[in-house]
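What follows is one structure encoded as structure tokens, with my remarks underneath.
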Amino acid sequence: MAGFYQKLLENNRKWVEEKVQADPEFFSRLAKGQSPPLLWIGCADSRVPANEITGTLPGEVFVHRNIANMVIHSDMNMLSVLDYAVNVLKVRHIIVCGHYECGGVKAAMGNAHIGLIDNWIRHIKDVYRLHQAELDAIKDEHERFNRFVEVNVKEQVWDLAKTSIVQNAWKNGQQLWIHGWVYSINDGLVKDLEVNYSNNEELPNVYQLQM
Ligand code: CO
């Protein structure tokens, strides 16, 4: 344990050395500020690191992660990140990235009582209910699990589009695209679900806000 912990600090120093060697201005440039073109909303899972997957550097991705990459419309943490990313940083893209083998989604398929987290998982169960006919029709449990991961990402992209923050940006003519991805733990590849929205006109009428 101590070995692992000490190694983290050593790694940090090594990383700084390498960065400065390759680009002496690396840190002084970043210290001046950030203007990332992308907001990433991903799962907290340790196997899904936003920068590494996308080949991006510090300064390029604003990141929000939680269990099962959820966009919960009353989550102040998510809303604060979203507001800052859209209205201050003016990101041009938001990617909701889920992943196969997601423990949160798996838990939502089952009935185990885990603890406080049950109440977070509840949101994912709501997604199951919305897609119950399609999901229940998939007999193979692992295939059903994979599809549940995908429809969960789709619903989170919709939930982003429904927020007042995103709708307001669109009404103001801000260039803002939202996308849904699923990352494969098995081979590292991303599947683009091709749910790409840049206006609120595809939202069901009841969600469309007259800004
Ligand atoms: Co996950």
Side-chain angles (χ1 to χ4, degrees), residues 4 8 36 38-56 58 60-82 84-85 91 93-132 134-136 138-163 166 177-197:
F4 172 75
L8 299 177
L38 169 64
L39 166 61
W40 175 275
I41 299 177
C43 184
D45 193 300
S46 62
R47 300 166 294 179
V48 195
N51 284 93
E52 280 185 71
I53 287 173
T54 55
T56 46
E60 293 186 300
V61 191
F62 202 62
V63 174
H64 177 77
R65 291 169 70 176
N66 61 40
I67 289 170
N69 40 270
M70 300 302 285
V71 176
I72 309 298
H73 66 264
S74 57
D75 175 1
M76 278 301 291
N77 188 352
M78 183 281 294
L79 290 172
S80 302
V81 168
L82 180 64
Y84 192 74
V91 297
H93 297 272
I94 305 174
I95 294 170
V96 176
C97 186
H99 66 100
Y100 299 116
E101 313 303 329
C102 182
V105 173
K106 183 79 180 170
M109 285 176 81
N111 299 95
H113 160 59
I114 304 165
L116 180 143
I117 196 175
D118 299 342
N119 302 289
W120 185 260
I121 300 295
R122 234 291 311 282
H123 294 292
I124 317 171
K125 288 180 180 286
D126 290 343
V127 172
Y128 196 103
R129 184 168 53 84
L130 283 171
H131 296 269
Q132 185 147 15
E134 180 190 350
L135 292 171
D136 279 354
I138 303 171
K139 292 299 161 221
D140 182 82
E141 195 180 322
H142 201 252
E143 260 178 55
R144 187 161 71 244
F145 179 19
N146 288 344
R147 185 61 188 154
F148 189 14
V149 166
E150 293 173 0
V151 295
N152 184 50
V153 167
K154 285 186 180 180
E155 287 297 331
Q156 305 321 304
V157 173
W158 279 111
D159 285 343
L160 255 185
K162 292 171 198 165
T163 63
V166 167
W177 285 90
I178 60 178
H179 318 267
W181 284 9
V182 179
Y183 174 79
S184 170
I185 297 283
N186 295 311
D187 62 15
L189 290 170
V190 159
K191 177 174 176 180
D192 185 346
L193 297 179
E194 288 170 16
V195 281
N196 308 305
Y197 301 114

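Just follow the structure's listing: the first ligand is 1, and inside any ligand the first atom is 1.
- Inspection of the environment of the Co ion (ligand 1) yields the following protein N, O or S atoms under 2.8 Å: Cys43 SG, His99 NE2, Cys102 SG.
- Of the possible donor and acceptor atoms, one in the side chain of Asn51 sits under 3.5 Å from a partner among the backbone N and O of Thr56.
- Comment: Asp126 engages Arg122 in a salt bridge, judged by a side-chain N to carboxylate O separation of less than 4.0 angstrom.
- The pair Glu101-Arg47 fails the salt-bridge criterion, with no side-chain N (NZ, NE, NH1 or NH2) lying under 4.0 Å from an Asp/Glu carboxylate O.
- Looking only at atom types and distance, the side chain of Asn152 has a donor-acceptor partner in the side chain of Gln156 under 3.5 Å away.
- Between the side chain of Arg65 and the backbone N or O of Trp40 there is no donor-acceptor pair closer than 3.5 Å.
- Of the possible polar contacts, one joining the Lys125 side chain to the Gly110 backbone as a donor-acceptor pair under 3.5 Å is found.
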